[in-house]
> 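Here you go, one structure.
Counting starts at 1 for both ligands and their atoms, in listed order. In this text, all values refer to a predicted model and were calculated from it rather than measured experimentally. Both backbone and side-chain heavy atoms feed into the values below; hydrogens, waters and symmetry mates do not.
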Amino acid sequence: MTARLVTIGPSHYCEKARWALDRAGIGYRESVYLPMLHWGASLPLGSRTVPVLVHGATKLTESSAIVAFADERLPAEKKLYPSDVHARAEVLALEKKLDDELGPLTRRLAYCMLVPRPALFAKVFDASAPPLQQRLFRRGHGLLRGAMGRAFKVSPKAEARLLTKLHALFEEIALTLGDKPFLVGDSFSAADLTFAALTTPVLLPDEFRLGGVTHHDLPDDMRATIDAARETRAGRHALAMYASHRH
Ligand SMILES: N[C@@H](CCC(=O)N[C@@H](CS)C(=O)NCC(=O)O)C(=O)O
């Protein structure tokens with residue numbers, strides 16, 4: 001049975017869901033929407049946000065539920081949640097903290113960087129939209145950019161504050177990691193997957209495209225900010241998880 005995954009293409013929570021489904025080899029058809037147009041598909045499925053996974057009678061409206069769904073279909077050696085009760089609780093707690101804190105932070109920071117750069121903003125979303133939405137977007141991307149700027153209260157001050165918060169959160173992750181290769185225990189888990197996926201808007205790992213934009217497409221000033229985050233202990237961890245565990 002082929003599942004349907006409703007997404008906003010560049011969304012990092014959607015990337016988290018795709019990663020888990022790909023790891024489990026679960027076939028899915030992705031229905032990609034531009035922000036706000038996604039409500040046309042997600043609201044009838046009972047969710048304001050994406051990802052939403054529909055698999056037969058199962059409907060999942062949280063990325064963490066989609067990861068758990070994928071995990072049930074993974075063989076023991078590839079499981080994303082450890083069988084040990086304490087390690088499992090640690091993974092679940094980290095996943096929740098990252099979903100609640102890191103996801104909103106990196107998304108708003110990305111909008112702070114993209115909204116003042118119209119060409120880059122257009123490139124991110126244009127490539128991710130299916131043909132009909134693309135035509136709408138090409139006429140009205142200024143409207144979407146304005147709406148996102150207001151929704152995420154984009155400003156240089158907010159960008160500076162969010163960058164400070166990002167580096168503080170990265171410090172916490174670096175402390176959790178120490179010199180270990182994984183966040184919990186000695187294998188790749190949902191905590192590493194969630195951390196790496198939710199950093200995509202601000203690290204742009206080489207294996208990932210933010211819509212139509214890769215690390216190489218970034219203007220110099222923005223690339224400098226992203227490279228500084230990439231070079232931290234936590235940033236290097238996210239990139240290593242992409243390099244070794246994404247595809
Ligand atoms: N807790 C949700 C968060 C998902 C989320 O915030 N998705 C964003 C895209 S990055 C969204 O759909 N935003 C649209 C909206 O809030 O209307 C999850 O983990 O699935």
> Side chains of R209 and E15, heavy atoms from C-beta outward: is any pair under 4.5 Å?
no
> Evaluate H245 against E207 for side-chain contact (heavy atoms from CB on, under 4.5 Å), listing each step before the verdict.
CA-CA 10 Å; H245 296 278; E207 298 76 11; over 6 Å; no
> Can you confirm whether T194 sits close enough to L94 that some side-chain heavy atom of one is under 4.5 Å from a side-chain heavy atom of the other?
no
> Quick check: closest heavy atoms across V91 and A191, and the distance to 0.1 Å?
CG1-N, 3.7 Å
> Anything with a heavy atom under 4.0 Å from ligand 1 counts, so go ahead and list those protein residues by chain and number.
S11, H12, Y13, H38, W39, R48, T49, V50, P51, E62, S63, R107
> Should T199 and H12 count as side-chain neighbours, where that means a heavy-atom distance under 4.5 Å?
no
> Between F69 and H55, is the gap from one ring center to the other below 6.0 Å?
yes
